[in-house]
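Structure first, commentary second.
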Amino acid sequence: MWGPLACFTRPELKAERVSYPVMTPSAAVGVLEAVYWKPEFRYVVRAIEVLRPVRWMQVRRNEVKSVVTAKKVQELQSVPGARYDVEEDRDQRNTMALADVAYRIRAQIVLERHANAPEEKYREQLRRRVDRGACFSQPFLGCREFSASFGPATDAPALAGRTEELGVMLHSIVYTSKGERYRWFRARLVDGVMEVPEQPLSADAVAMPSAPWRAGGGS
């Protein structure tokens with residue numbers, strides 16, 4: 001995967017968008033699912049290889065303060081003349097993004113219980129779609145406006161000599177009827193390769209600034 005801009009937003013920073021220095025496993029899963037997804041399996045990311053130097057770029061963008069929920073849409077549709085004024089809700093925010101990124105994702109397909117085909121079938125279907133450049137939706141790198149390109153894996157080397165502790169990183173997001181639950185892991189880049197553990201940290205190992213559940217994430 002590669003693209004001119006990326007922002008893998010740190011969820012613990014609320015006011016401004018600040019990216020992790022490396023693509024998160026949850027973002028990698030989103031990219032893979034945009035290319036090929038079926039309910040019979042799920043992706044488990046094993047490693048992310050950084051293929052280009054980490055470069056930062058500050059972007060100032062117009063965003064809206066609120067999130068339009070399904071309930072709000074129903075209210076607007078039921079009241080004649082009701083409207084949502086984006087100008088009144090507009091807010092300028094800074095984004096600390098990554099520039100000119102490229103990653104190689106190593107992932108495994110794990111079958112669900114109701115799968116009716118072998119793992120090899122889904123893996124080969126994914127490879128054929130990657131070879132053709134086919135996708136269900138346009139992949140993006142963190143933010144939807146940062147479109148990503150994708151293709152078959154190459155022999156391009158990872159960033160040799162780039163070794164650093166990345167701290168606690170978002171591992172995955174679990175969606176339930178109660179909302180979103182964040183799961184974390186201790187990330188480390190070794191010669192440009194970030195290994196992803198199968199098991200995240202325990203639920204009480206990381207404390208978010210606010211509650212770890214965010215309402216409305218289960219929809």
Side-chain angles (χ1 to χ4, degrees), residues 1-35 42-59 94-110 139-144 146 148-150 153-154 156-176 179-214 217:
M1 306 296 305
W2 65 93
L5 286 172
C7 182
F8 309 109
T9 307
R10 305 181 72 102
E12 70 270 25
L13 301 178
K14 303 297 183 180
E16 308 289 347
R17 293 182 183 272
V18 179
S19 177
Y20 286 106
V22 177
M23 170 187 271
T24 63
S26 59
V29 169
V31 165
L32 293 171
E33 289 181 343
V35 175
R42 58 186 172 89
Y43 292 104
V44 176
V45 176
R46 299 302 186 190
I48 296 174
E49 301 180 22
V50 182
L51 305 181
R52 294 178 185 171
V54 177
R55 294 174 49 206
W56 296 94
M57 180 176 182
Q58 185 169 321
V59 181
N94 286 322
T95 297
M96 188 60 70
L98 300 168
D100 191 25
V101 301
Y103 305 100
R104 184 163 47 233
I105 302 171
R106 285 195 257 140
Q108 178 182 353
I109 285 177
V110 178
F140 55 91
L141 296 167
C143 295
R144 193 170 295 275
F146 297 159
S149 301
F150 64 94
T154 67
L159 289 179
R162 180 86 188 206
T163 299
E164 62 179 295
E165 296 290 341
L166 301 177
V168 176
M169 178 179 284
L170 181 65
H171 181 281
S172 53
I173 302 175
V174 179
Y175 297 93
T176 73
E180 300 176 358
R181 184 178 182 182
Y182 300 114
R183 304 197 301 175
W184 310 86
F185 75 108
R186 298 190 183 279
R188 187 168 188 260
L189 201 63
V190 179
D191 286 333
V193 180
M194 184 180 71
E195 301 285 346
V196 181
E198 186 173 353
Q199 294 297 327
L201 296 171
S202 59
D204 58 350
V206 178
M208 290 281 286
S210 58
W213 299 85
R214 190 168 70 190

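None of the values given here were measured: they were computed from a predicted structure. We're numbering straight along the sequence, starting at 1.
- For the atom pair OG1 of Thr163 and CG of Leu189, the computed distance is 6.5 Å after rounding to the nearest 0.5 Å.
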Below 3.5 Å, can you tabulate the donor-acceptor pairs from side chains in residues 44-52 to any protein atom, sequence neighbours excluded?
residue: Arg46; atom: NE; partner: Gln108; partner atom: OE1; Å: 3.2
residue: Arg46; atom: NH2; partner: Gln108; partner atom: OE1; Å: 2.7
residue: Glu49; atom: OE1; partner: Arg104; partner atom: NE; Å: 2.9
residue: Glu49; atom: OE1; partner: Arg104; partner atom: NH2; Å: 2.5
residue: Glu49; atom: OE2; partner: Arg106; partner atom: NE; Å: 2.8
residue: Glu49; atom: OE2; partner: Arg106; partner atom: NH2; Å: 3.3
residue: Arg52; atom: NH1; partner: Asp100; partner atom: OD1; Å: 2.6

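- For the ring-ring contact (aromatic ring centres under 6.0 Å, His included) with His171, the lone residue among Trp184, Phe185, Tyr182 that qualifies is Phe185.
- Annotation for Pro25 and Met194: closest pair CD-CE, 4.3 Å, computed over non-hydrogen atoms.
- The side-chain contact (heavy atoms from CB on, under 4.5 Å) test with Thr95 singles out one residue from Cys7, Cys143, Ser19, and that residue is Cys7.
- For the atom pair CE (Met57) and CE (Met96), the distance works out to 11.0 Å, reported to the nearest 0.5 Å.
- Annotation for Phe8 and Leu141: closest pair CE2-C, 3.6 Å, computed over non-hydrogen atoms.
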- Task: Would you sort out whether Met23 and Val101 count as a side-chain contact (heavy atoms from CB on, under 4.5 Å), showing the intermediate values?
- Result: CA-CA 9 Å; Met23 170 187 271; Val101 301; over 6 Å; no

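- Taking both residues in full, the closest heavy atoms of Phe146 and Ala97 are given as CE1-CB, 4.4 Å, listed atom of the first, atom of the second, then distance.
- With sequence neighbours excluded, no residue forms a salt bridge (Lys or Arg N to Asp or Glu O under 4.0 Å) with Glu33.
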- Item | Stepwise side-chain contact (heavy atoms from CB on, under 4.5 Å) check, Phe150 with Val35 | CA-CA 9 Å; Phe150 64 94; Val35 175; 4.1 Å; yes

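- Taken from OH in Tyr20 to CG in Leu170, the straight-line distance is 5.0 Å, to the nearest 0.5 Å.
- Residue pairs meeting the side chain to side chain donor-acceptor pair (under 3.5 Å) criterion with at least one partner in residues 191-200, sequence neighbours excluded, do not occur; the list is empty.
- The OG atom of Ser172 sits 10.0 Å away from atom CZ of Arg181, with the distance rounded to the nearest 0.5 Å.
- When all heavy atoms are compared, the tightest approach of Ala158 to Gly192 is CB-O, 3.8 Å.
- The nearest pair of heavy atoms linking Leu32 to Ala107 is CD1-CB, 3.7 Å.
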